[in-house]
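Before any comments, here is the structure.
In each ligand, atom 1 is the first atom listed, and ligand 1 is the first ligand listed.
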Amino acid sequence: MIKIETQAFIQAKFSEYYEKNSMNIQPPASMEKREFGFFLLKERIMLRHKSYKTAEELRDSLKKLVPSNVYYSSAYYELPEEKMDEKGWLGADLIFDIDADHIPTPCAKTHDTWTCRKCKTTGSGTPPERCPKCNEQKFEEKTWPCDVCLESAKEETIKLIDILTKDFGVSTREISIGFSGHRGYHLHVESEETVALGSIGRKEIVDYIVGIGLDPQLHGLSRIAGPNLDDFGWKGRIARGTYEYLLSATPEQLEKIGLRKGAIQSLSEHKERILESWKYKGPWAMVKGVSPESWGKIVEEAVKKQAAQIDTVVTTDIHRLIRLGNTLHGKTGLKKTGTSLAAIEEFDPLKSAVAFHHGTATVVVSEAPKFRIGDEFHGPYRNEKVELPLAAALFLLCKGAARITEDGSSVR
Ligand SMILES: [Zn+2]
Ligand SMILES: [Zn+2]
């Protein structure tokens, strides 16, 4: 639980931010048809079913409420302020959430921790299915945004953009992307073609993107042939994924996916020829000792590499609330920050999303891994008092990993 002084400090800083920066907060398209929601810092409640006609009204509200999180509906409603079933759903943007929580990264073990809700057993990394001590399935998780995690979320976002534009023909003009302010990216498609899609239609899109129920045989894989690198849609993705997989896979990895010794040996012996073979018809029929079943297993890995790891629940929820651009994330004090498709490769979320550029604060950190805010690394810390740049201090305070020093005199 965040202490009163700490909460007041966060509130004061968030308030300053909204006083100074509300002009940078742009409402979504057709704002009057959207539902807005706010999580209130002090009251710790969600205020929902709000609507605004103008950007000014919305900005005034942010200054007055000083919420820890600001959301708007991906949906358009006739009456956004009514109860859910009386709003009159008119359509919704197609939205995607790519979060490091859904991507297994090797670093999670070094910075994330979990605590069993029942017996308080703790561990590092992502929580197990069940608590090893008491069998409970609910955990408190403490996750951190780190460069490796954010980079993998970015890679998934870039894959998603590729699938949406090439396979679905979504125009780049209809896509907007932003760093969530914590551990991932949001991607929105605002298009006439997708706005009216219901949950089931969106589920079909999700299944395609994550490669669920993909039958390689329907994509040209047989005893004698397989898809080519330049084929359209999943055919080409399977071919390119297979190419990349075979390029990097070690014999141990091939064994792990269930290939027999003979097949593994054959694949490593003919590696050069296999890679060369893509110029013609691919390796599908040319490697002796690799059965169609083995190719099937390799293709499964290829599909995993090519699919984009999205939070499937978010996309199919046609009433979803999503964070508004340039508002603060209550868990980090960073702002949700947009980037263009052209600039995403170079985009540095932990730098661009910094909302506080001046001042320092002294905080008592209970525990924090090494982290980066802006250009500077801090920590790791354990039970120590440190003076930090305001953005870094606020980050720890919002994370619940630190408290403000009580005298307040060290705060500048
Ligand atoms: Zn337990
Ligand atoms: Zn990480």
**Report entry** Geometric cation-pi criterion, Arg34 with Tyr76: 6.0 Å, 45°
**Finding:** yes
Query - Test item: Asp97 and Ile322 side chains (from C-beta on) under 4.5 Å apart, heavy atoms - result: no
**Report entry** Inter- and intrachain pairs under side chain to side chain donor-acceptor pair (under 3.5 Å), touching residues 134-147, at least two apart
**Finding:** Arg117-Glu140, Asp147-Arg372
**Report entry** Heavy-atom neighbours of Lys331 NZ exceed 12 at 6.0 Å
**Finding:** no
Requested in this report: Return yes when atom CD1 of Ile45 has more than 12 non-hydrogen atoms of other residues, nucleotides or ligands closer than 6.0 Å, and no otherwise.
Outcome: yes
Query raised in the report: Leaving out waters, which are not shown anyway, how many protein N, O or S atoms lie closer than 2.8 Å to the Zn ion (ligand 2)?
Result: 4
Report summary line: Taken by chain and residue number, the protein N/O/S atoms under 2.8 Å from the Zn ion (ligand 1) read Cys116 SG, Cys119 SG, Cys131 SG, Cys134 SG
**Report entry** Qualifying side chain to side chain donor-acceptor pair (under 3.5 Å) pairs with a residue from residues 55-75, counting only residues at least two apart or across chains
**Finding:** Tyr52-Ser61, Glu56-Arg59, Asn69-Arg323, Tyr72-His188
**Report entry** Neighbour count >12 (heavy atoms, 6.0 Å) for atom CD, Glu43
**Finding:** yes
Query raised in the report: Is it true that atom CD of Gln217 has more than 12 heavy atoms of other residues, nucleotides or ligands lying nearer than 6.0 Å?
Result: no
Query raised in the report: Between His186 and Lys336, does any side-chain donor sit less than 3.5 Å from a side-chain acceptor?
Result: yes
